[in-house]
Amino acid sequence: MIGVELRKLALRPRVWVSVLLLCLLPAIVAVFLATADFAPPPGQGGAFLSAVVSDGSLYPAAALALVLPLFLPIAVAVVAGDSIAGEASGGTLRYLLARPSGRTRLLTAKLVALAVYVTAAIAIVVLTSLVIGILLFGTGGETGAGGQAAQVVTLSGTSLSSSSLALRLLGAVAYIVLSMLGFAAITMFLSTLADSALGAALGGLAVLITSSVLETLDAAAPVKPYLPTHYWLSWLDFFRDPVLWHNIDRGLLLQAGYIVVFFGAAWANFATKDITS
């Protein structure tokens, strides 16, 4: 059943359009940076943008910082909102449930397909931005002093080798994938409540906007550590030296809790729901 869900995702044009749009924003920003031939001053603009002009190998991290706050969650909300509600509105849900595999396996297959989509989308953004970054900005020099491999600078001002940068980038990608799965679980739960994929996606975006607004309010300080978006940008701590694990660990725990709670809620609702469409 997982293979069936993956095949359905791969054959939907809107899935590839969403991935293309995710790659388009970093590409446009890179072209403007290369054309202007200067970066924003340190501390201004997106993370890493002040450094990518001299080292294009950092551009994947800059691209992740560009797409994460808004564009990536929107793409996830659209796909997750379509997971159950889209089948219902299309009239195919009853036929899916007529199979002997059961509702639990169907819901699990949907979640796994979402995880593959999120991982693939982020991987494509990273790879395309790496190619664009190296083509437009180079790698900051071929070798350092004494013939050593060139190093990149962390947010803490220290240097990293290319291999260390790759490992930290993999950690950041894994962290972002789990963060998006926490948000996807919320939207999937809403998808079991609605008969419209658009309604479920808009519900997920409402959660995103509400969480983002509450993050800006001092009065909401007691609930901020539990908001789904609170630790999303903690992946940047992978690019500090040493790595700041405190917020990363809390973010992973929070997103795991969202996945368990809302996937469980989706299962509880979907397992007993009367399918009339």
Side-chain angles (χ1 to χ4, degrees), residues 1-26 60-87 106-130 168-192 197 200-205 207-208 211-212 228-236 238 248 251-263 266:
M1 180 167 284
I2 293 175
V4 172
E5 293 300 324
L6 291 175
R7 215 161 28 243
K8 286 161 64 175
L9 274 181
L11 293 176
R12 286 175 179 165
R14 62 178 173 269
V15 170
W16 294 104
V17 170
S18 68
V19 175
L20 175 63
L21 292 176
L22 287 175
C23 296
L24 187 59
L25 174 63
L64 291 177
L66 289 170
V67 302
L68 177 58
L70 183 61
F71 291 94
L72 182 58
I74 289 176
V76 171
V78 170
V79 176
D82 188 58
S83 58
I84 300 298
E87 302 281 8
L106 174 62
L107 204 61
T108 302
K110 294 282 188 182
L111 183 64
V112 172
L114 272 172
V116 172
Y117 164 76
V118 173
T119 305
I122 294 174
I124 292 172
V125 169
V126 168
L127 292 174
T128 56
S129 59
L130 178 62
R168 292 178 185 233
L169 187 60
L170 285 175
V173 168
Y175 182 87
I176 294 173
V177 168
L178 188 64
S179 297
M180 290 300 99
L181 283 182
F183 178 61
I186 297 174
T187 310
M188 176 180 281
F189 167 64
L190 296 175
S191 186
T192 66
L202 290 176
L205 293 179
V207 172
L208 172 66
S211 179
S212 300
T229 61
H230 185 68
Y231 293 105
W232 276 5
L233 294 182
S234 294
W235 66 270
L236 291 169
F238 279 103
I248 292 175
L252 292 173
L253 184 62
L254 178 66
Q255 298 305 328
Y258 271 111
I259 293 172
V260 171
V261 170
F262 282 95
F263 181 74

Rounding to 0.5 Å, atoms CG (L208) and CG (L202) come to a distance of 12.0 Å

The side chain to side chain contact (heavy atoms under 4.5 Å, CB included) partner of I124 among T128, L127, V126, I122 is T128

When rounded to the nearest 0.5 Å, the distance separating OH of Y258 from CG of L253 is 12.0 Å

Open item on the list: If we ignore hydrogens and angles and just use 3.5 Å, is the side chain of S179 paired with the main-chain N or O of W232 as donor and acceptor?
Closed with: no

Distance col, row T229:OG1 vs L70:CG, nearest 0.5 angstrom, shows 12.0 Å

Heavy-atom closest pair (A77 atom, A201 atom, distance to 0.1 Å) is O-CB, 3.6 Å

Is there side-chain contact between F183 and P228, with heavy atoms separated by less than 4.5 Å?
no

Looking only at heavy atoms, the pair that brings L66 and P26 closest together is CD1-CA, 4.1 Å

Separation between CG (L72) and CG (L64), nearest 0.5 Å, reads 8.5 Å

Taking every heavy atom of V118 against every heavy atom of V177, the minimum-distance pair comes out as CG1-CA, 4.0 Å

Residues 112-124 vs side-chain hydrogen bond (donor to acceptor under 3.5 Å, both in side chains), sequence neighbours excluded, gives S18-Y117

Tightest non-hydrogen contact, residues A121 and L22, listed as CB-CD1, 4.1 Å

| Can you find a pair of side-chain heavy atoms, one from T187 and one from V76, that are under 4.5 Å apart? | no

To the nearest 0.5 Å, atom OH of Y231 lies from atom CG of L178 at 14.0 Å

Report yes or no: does E5 contribute a side-chain atom to a donor-acceptor pair with the main-chain N or O of T108 at less than 3.5 Å? no

Check for a donor-acceptor pair, side chain of S83 on one end and backbone N or O of V79 on the other, with a separation under 3.5 Å.
no

In short, S191 meets I84 closest at the heavy-atom pair OG-N, 3.0 Å

Discussion item. Do K8 and K110 make a side-chain contact, defined as non-hydrogen atoms from C-beta onward lying under 4.5 Å apart?
Written reply: yes

Between the CE atom in M188 and the CZ atom in F262, the distance rounded to the nearest 0.5 Å is 13.5 Å

With a 4.5 Å cut-off on side-chain heavy atoms, are D82 and V78 touching? no

Check the pair F71 / L25 against side chain to side chain contact (heavy atoms under 4.5 Å, CB included), numbers first and verdict last.
CA-CA 9 Å; F71 291 94; L25 174 63; 3.4 Å; yes

Check your understanding: Are any of the side-chain heavy atoms of I248 and W235 separated by less than 4.5 Å?
Key -> no

For L252 and Y175 the tightest heavy-atom approach is CD2-CD1, 3.5 Å

